[in-house]
Undergrad: 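First the structure, then my questions, so here it is.
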Amino acid sequence: MSKAVKIIASAHYVPARIVTNNDLSQIMETSDKWIQAHTGIRTRHFAIDENTSDMCVKVAEKTLKEADLTSSELDLIIVATITPDSLTPSTAARVQQKIGANKAFSFDVSAACAGFIFALSTAEKFIRNGNYKRALVIAAETNSKMMDFKDRTSAVFFGDGAGGVIIEGTENSEDEMFIAENLKTQADAEVIHSGQIPPLSRIDAENYPRLDAFYQNGHAVFDFVNAVIPRHIQNLLKDNSLVPQDLDLVIPHQANLRLIEKIAVQLQLPLERFATNIETNGNTSSAGIPISLDEVLKQGQKKKLVLLTGFGAGLAYGSILLDISRFKYTGK
């Protein structure tokens, strides 16, 4: 039997180490003025002696406490990340082990900066079909460990962090929070890539796997988002008899403040209707949306229609329309 699906808890975590634009200017040719002018970023957080699963555990513990649940009451754990602890086992499996969620099953989703959208959409289907009751969905990135700090065009953007939610199935249709969604991939593997593993070229003792650093063609990404994402959002809203002005809030991928400003102009919405944390957190890839969502849910403001929209390598993009008016923050 199909269930209504609601968010019952949310949380986020950013590492303690704050890295300023001036800090970066000490190791590469850049400046605070240039970075702020082109990206809107002032600071970002870097994980020191922490990996992706460690940040996920912090989020998991916070959400479980808020929901007044134990880890054994979780049925599913999904982690969205492009910076896993390892290629295998999954980061989600590591999180499951660390929190003792012995009744859950777990896996990772790799959809870059759209990862949380894809993971949340996937979890919602598992819960809606009624076979599983609760899912923990986390997006987490330790981007700093994948950066080439000689590549100033990419390295100045990125920071580390994690955010997530617990969703639950319910018999009460009035609890429904998930209104609509649209997920897409415009296949292009070259615009953004990270951790590429080359094929075997020879057999000898010195030939072992090496990962490439993160790379993005910033201009191509900017053009893609500017051309595709506003139209994608408008089409999703139109399909649900809505217009952008009906939205109380947009929670976009925290890619670049200047890009978010352009999306706002195309949607004819004031920038105040866009939740942002890029100024202090930088681009945290898949984690930016759930970090913002947690901040919004904890503010207690009377928001109803909220659009989550993510876009990144793949090129993967997608949006989920939520009604968060019934979310109840317990203060735990």
Side-chain angles (χ1 to χ4, degrees), residues 3-13 52-67 69 71 73-84 90-96 98-99 101 103-129 131-141 161-170 175-179 181 183 251 253-254 284-298 306-310 312 316 318-324 327 329:
K3 300 290 184 72
V5 182
K6 62 179 180 178
I7 297 169
I8 62 170
S10 66
H12 77 276
Y13 171 80
T52 302
S53 67
D54 299 315
M55 295 194 297
C56 288
V57 168
K58 299 283 180 57
V59 171
E61 291 171 344
K62 289 181 178 181
T63 54
L64 288 168
K65 181 179 180 181
E66 182 178 316
L69 296 172
S71 60
E73 293 176 279
L74 295 173
D75 300 299
L76 168 62
I77 300 170
I78 304 179
V79 171
T81 187
I82 53 169
T83 58
S90 70
T91 301
R94 293 179 184 272
V95 174
Q96 178 181 349
K98 289 179 179 181
I99 67 173
K103 295 182 181 179
F105 68 102
S106 55
F107 58 90
D108 287 358
V109 166
S110 177
C113 303
F116 183 71
I117 301 296
F118 280 52
L120 185 61
S121 170
T122 302
E124 177 255 326
K125 307 302 182 298
F126 277 107
I127 302 305
R128 190 173 299 283
N129 73 13
N131 290 332
Y132 309 96
K133 185 171 179 59
R134 297 184 190 92
L136 170 64
V137 185
I138 302 174
E141 307 288 3
V165 297
I166 295 176
I167 63 173
E168 182 178 84
T170 170
D175 288 336
E176 182 63 63
M177 290 189 182
F178 288 74
I179 299 173
E181 66 171 48
L183 278 59
I251 302 180
H253 163 46
Q254 304 295 302
T284 50
S285 190
S286 67
I289 291 174
I291 290 173
S292 286
L293 177 60
D294 178 49
E295 291 170 338
V296 169
L297 292 174
K298 298 296 167 57
V306 174
L307 183 78
L308 314 182
T309 186
S319 297
I320 296 176
L321 186 62
L322 299 175
D323 177 351
I324 65 168
F327 179 80
Y329 175 46

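Worth saying up front: this structure is predicted, and the values here are computed from it rather than measured.
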Undergrad: Please report the C-alpha distance between F327 and I7 in whole Å, then the side-chain angles of each, then the deciding distance to 0.1 Å, and finally whether the side-chain contact (heavy atoms from CB on, under 4.5 Å) criterion is met.
TA: CA-CA 7 Å; F327 179 80; I7 297 169; 3.9 Å; yes

Undergrad: How far apart are the closest heavy atoms of I166 and A67, and which atoms are they?
TA: CD1-CB, 4.3 Å

Undergrad: One pair to check against side-chain contact (heavy atoms from CB on, under 4.5 Å): S285 and I82. What are the steps and the verdict?
TA: CA-CA 8 Å; S285 190; I82 53 169; 3.7 Å; yes

Undergrad: Can you tell me how far CG of L64 sits from OG of S71, rounded to the nearest 0.5 angstrom?
TA: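 S71 OG to L64 CG: 6.5 Å, rounded to 0.5 Å.
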
Undergrad: Run the side-chain contact (heavy atoms from CB on, under 4.5 Å) check on L120 and F178 step by step: do they pass?
TA: CA-CA 10 Å; L120 185 61; F178 288 74; 3.8 Å; yes

Undergrad: Report the residues that fulfil side-chain contact (heavy atoms from CB on, under 4.5 Å) with L183, sequence neighbours left out, ordered by chain and then residue number.
TA: I117, F118, S121, E181

Undergrad: List the steps, then state whether side-chain contact (heavy atoms from CB on, under 4.5 Å) holds for L76 with F105.
TA: CA-CA 5 Å; L76 168 62; F105 68 102; 3.4 Å; yes

Undergrad: Would you say I99 and V57 make side-chain contact, with heavy atoms under 4.5 Å?
TA: yes

Undergrad: Any non-hydrogen side-chain atom of K298 less than 4.5 Å from a side-chain atom of E66?
TA: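 Of all side-chain heavy-atom pairs linking E66 with K298, at least one is under 4.5 Å.
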
Undergrad: I want to check something: taking the side chain as every heavy atom from C-beta on, are L69 and I8 in contact at a cut-off of under 4.5 Å?
TA: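 Yes, close enough: below the 4.5 Å cut-off.
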
Undergrad: Can any side-chain N or O of E168 pair as donor or acceptor with the backbone N or O of K6 at less than 3.5 Å?
TA: no

Undergrad: If every non-hydrogen atom of A11 is compared with every non-hydrogen atom of K62, which pair is closest and at what distance?
TA: CB-CB, 3.4 Å

Undergrad: Are any of the side-chain nitrogens in E176 or R128 under 4.0 Å away from the carboxylate oxygens of its partner?
TA: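 Looking at E176 and R128, the cut-off is met.
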
Undergrad: To the nearest 0.5 Å, tell me how far L297 CG sits from E295 CD.
TA: 10.5 Å

Undergrad: Which residues pass the side-chain contact (heavy atoms from CB on, under 4.5 Å) test with T284, sequence neighbours left out?
TA: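 T284 satisfies side-chain contact (heavy atoms from CB on, under 4.5 Å) with N281, A287, I291 only.
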
Undergrad: Between S53 and K98, is there a side-chain donor-acceptor contact under 3.5 Å, judged purely by atom types and distance?
TA: yes

Undergrad: Minimum heavy-atom separation for M55 and G161, please, with both atom names.
TA: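 Scanning both residues, the minimum pair turns out to be CE-O, 3.7 Å.
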
Undergrad: Contact between I78 and D108 at the side-chain level, heavy atoms closer than 4.5 Å - yes or no?
TA: no

Undergrad: Mind checking whether C113 and S286 have side chains closer than 4.5 Å, heavy atoms only?
TA: no

Undergrad: What distance separates E61 CD from C56 SG, expressed to the nearest 0.5 Å?
TA: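 The SG atom of C56 is 11.5 Å from CD of E61, to the nearest 0.5 Å.
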
Undergrad: Main chain of K133, side chain of D75: is a donor-acceptor contact present, judged purely on distance under 3.5 Å?
TA: yes

Undergrad: To check you understand the geometry: which heavy-atom pair defines the closest contact between A92 and I77, and what is its length?
TA: CB-O, 3.9 Å

Undergrad: Would you call K3 and E124 a salt bridge, taking side-chain N to carboxylate O under 4.0 Å as the test?
TA: no

Undergrad: Measuring from D323:CG to D175:CG, what's the distance to the nearest 0.5 Å?
TA: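 Rounded to the nearest 0.5 Å, the CG-CG separation comes out at 10.5 Å.
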
Undergrad: Quick check on K125: does its NZ atom have over 12 non-hydrogen neighbours (other residues, nucleotides or ligands) under 6.0 Å away?
TA: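 Above 12, so yes.
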
Undergrad: Should I324 and V296 count as side-chain neighbours, where that means a heavy-atom distance under 4.5 Å?
TA: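 Of all side-chain heavy-atom pairs linking V296 with I324, at least one is under 4.5 Å.
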
Undergrad: Check whether any side-chain heavy atom of I251 sits under 4.5 Å from a side-chain heavy atom of L307, and report yes or no.
TA: no

Undergrad: Would you name the heavy atoms of L74 and A104 that are closest together and state the gap between them?
TA: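 Heavy atoms of L74 and A104 come nearest at O-CB, 3.5 Å.
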
Undergrad: Ignoring hydrogens and geometry, is there a side-chain-to-backbone donor-acceptor pair from S292 to I289 under 3.5 Å?
TA: no

Undergrad: Do T81 and S110 come within less than 4.5 Å of each other through their side chains, counting heavy atoms only?
TA: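 No; the side chains remain at least 4.5 Å from each other.
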
Undergrad: Roughly how far, to the nearest 0.5 Å, is CD1 of I138 from OH of Y13?
TA: 13.0 Å

Undergrad: If you compare all heavy atoms of L136 against all heavy atoms of A60, which two are closest, and at what distance to 0.1 Å?
TA: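 What the structure gives for the nearest pair is CD2-CB, 3.7 Å.
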
